[in-house]
Amino acid sequence: MTPENGIDAWLRYAALPSDIRIKHKQLSRIVALSSSETSPVYTAAKELQDGINRILNQQIDILFATTIVTSTIIIGTVASFSSAGGNAQEIPKLKEDGFWLSTKGETVQILGQNERAALYGAFEYLSMLAQGNFSQVAYASNPNAPIRWANQWDNLDGSIERGYGGKSIFFKNGVVLDDLTRVAQYARLLASIRLNGAIVNNVNAGYNLLNPLNLKGLARIANAMRPYGIRIGISLYFDSPRELGGLSTSDPLDPQVIKWWSNITTLVYQVVPDLLGYLIKANSEGQPGPLTYNRTLADGANMFARALKPHGDGVVMYRAFVYNHHLDESDWKNDRANAAVDYFKDLDTQFDDNVVIQIKFGPIDFQVREPPSPLFANLRQTNAVIEFMVAQEYLGQQSHVVYQPPLWKTILDFDMRIDGKSSIVSDIVSGQRLNWGRCGYAAVVNVGNDTTWLGSHMAMANLYGYGRLAWNSSDNAVDIVQDWARLTFGIDKTIVDTVTKISMESWPAYENYTGNLGIQTLCDILYTHFGPSPGSQDGNGWGQWTRANAHSIGMDRTLSTGTKNSGQYPLEVAEIFDNIETTPDELLLWFHHVPYTQKLKSGKTVIQHFYDAHYTGAETAQTFPAQWAALKGLIDDERFEHVALRLAYQAGHSIVWRDAVNGFYIAKCGIPDDANRVGNHPWRIEAEDMELDGYKIVSVSPAEAASGGKAIITISKDAPGVAKSALNFLSGTYDIAVNYYDHLGGKSEYEIFLNEKSVGKWSGDLEDKLGHDFSEYLDGHSATRVTFRGLNIEQGNILKIVGQPDGSEFAPLDYISILPQGIVD
Ligand code: GCU
């Protein structure tokens, strides 16, 4: 099978098997009702020609015309169709960006309300063909909401904030890249999932984007994306007037500041006449903003809105992610989750009509489980969008498979009961519930220059799924992943079933082995947000607190004794969350501080649930590599191996997670695991208990990131270390799992021997193979596992590991598990 590198993602248009392909009638000609090369209609015609060639092996001509001529596919806008003499009577009225697709009759009609919509229709038709679906259909498809954007967090230096898929495709060394081929390819992907806008730089913005050279670069980016119907916008740095303009202030009410932004905006529109608008992160995580100048957030937002207003339909996307990250934990009334409503609710009437508030889906920060942000129920007059994060910052950083649509659906399907009436979050952000006109969806997307885009083929299901839900929030998460699997990997049933099963199991598994019952992802929030460090949530001002002590855990967000966060929700919802009896188990610790012995609705105690869930989650992750193995030979080896490597890594890291979190809580509360698993590992040999030569014992921080709290590293930075142990297990066939640390700064080499016979080798080079934010230390980020399977061991055999240090990585080892068949520990 031809190797594939992922560059075409779900648009690879694999040839259908010939027995399916021949069932499709011969297509002869595409008539495109636009000949402008920058028109999405032109793009659509080319895409159809290419796709049909590749999927059906049919060569088909394009005729660019302004009158209807005989054709087998006609593509254009409804208006151009009518003026070309077409009969549009059958076509229902379309919303902006909506399209009509009819495969009935002699001619396939793909007609958009506008040009980009025609392109959406072309992609829809190609998606059907590529899945071998030749059914006769005639329907209109309209978007949920007008705003469907991607937010890049790309920095001008070419790095990407929370990027795990290579370097920026937009910027390098402070300027826009010369070669924007990847940007056009990206626009193609975005258009195929019906996104219509992209903010091209990080919310933590620099002012250098506004220099003359970069303004020209922005024009080139816009030009590269325009043929796909993608408009661009930019993130702005609030203090630019002071720091770039040399003014003495950036006060949003200062006439000179207002003038400065107005001039800059004129310049931006000169180069990008169809600018989407501005994205603003202000007064958040150290960023300056209007509050810095004793003005309100509305003053700040309106300043940008007024600069944009004369130029067209540009909007200010003002982020609701405003909070104090120096919050005092000793005050039990303090709560970061309250911040958005506290800051924005009273300003509801004060924003100009081209200001849109961009609200992260939950009150904190893209955690593995959160309730919807209460701000969705507290704005009536100010339009808003919901912000998701395709980037898996807190969800395994694309090194773990976590398919997010099921998580997003818990938010989109939630009924906020505003004024006692049905107020489903998706109806709020679509504008339907409160009659908003400028609203919808934004998602942080960390595509990079890796050919896989996100650094992981499987992670692309999240980008695809985001587009699908932004268009139609009632789409089903299973249907979405099935379509994506067929398009990405192939239409074979085993492929589709396997990819779907792993994907659908992935978020529940991840929640199980990371943070349960609404306690949040228990990752290290003070460093890279990847591996486990439950203790890092507390004892600092970031406000992602768990308030775990020796007896109890959870945030008391109730009205009577807590932070009153429950009261930020409309009455009926507030009552549910305020009451421990009616709060669903999965959010119990989000809203309540309870003893570890608190009984859940399942009958288990909180602590036993933690222990069990961590075992269950890690067990599920152990099944992923074996499930995936069924696809060997069904998909190309290149992508097969890429995914297999990550799933094996995930299986190993899920055990690190399991043991770290369980170890942390058992140490804290002293309540044993009913099943006696936690802290009891009969198959393990701790590295620190082995006979060591050239190795020394070190403490690991946090302690729970090492089995027994300790690991070994070589004494010398050059000379190898040797760790030996006699194996006192019954003779038989075993898997040997080695837990070690693979951190930044070197690529140690390891070899493992049984009675001096080499049985395996590996190197500490995951930083090259995975691309997530690795750590420089021995900790929960770098802790990992390698497994050698099916080894015959005689009782008394000597196990030996030789570790060769490299750079600052001293061949660290944690423990070795000698696992009888069927046991993973
Ligand atoms: C998170 C993330 C930051 C990001 C911020 C934001 O806190 O860790 O990197 O800047 O969200 O959304 O602005």
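Only heavy atoms go into these numbers, but all of them, side chains included; no hydrogens, no water, no symmetry mates. Indexing begins at 1, ligand by ligand and atom by atom, following the structure's order. Here the structure is a predicted model, which is why all the values come from computation and not from measurement.
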Peer 1: Students should find this: residues with any non-hydrogen atom under 4.0 Å from ligand 1. What is the answer?
Peer 2: W153, E161, R162, V203, N204, K281, E285, R319, F321, K360, D365, E393, H529

Peer 1: List the steps, then state whether ring-ring contact (aromatic ring centres under 6.0 Å, His included) holds for W507 with Y403.
Peer 2: CA-CA 6 Å; W507 169 59; Y403 174 60; over 10 Å; no

Peer 1: Using a 6.0 Å distance limit plus a 45 degree cone around the ring axis, check whether R182 lies over the aromatic ring of W453.
Peer 2: yes

Peer 1: Heavy-atom count around K409 NZ within 6.0 Å, excluding the residue itself: above 12?
Peer 2: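 Yes, because the 6.0 Å sphere around NZ of K409 holds more than 12 heavy atoms from other groups.
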
Peer 1: How are the rings of Y318 and F351 set to each other: parallel, tilted or perpendicular (split at 30° and 60°)?
Peer 2: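 Rings of Y318 and F351: tilted, as their planes differ by 30° to 60°.
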
Peer 1: What distance do L276 atom CG and I199 atom CD1 have between them, rounded to the nearest 0.5 Å?
Peer 2: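 One finds 5.5 Å between CG of L276 and CD1 of I199.
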
Peer 1: Give the C-alpha distance, both sets of side-chain angles, the deciding distance and a yes or no for side chain to side chain donor-acceptor pair (under 3.5 Å) between S423 and R433.
Peer 2: CA-CA 6 Å; S423 308; R433 173 65 181 83; 2.9 Å; yes

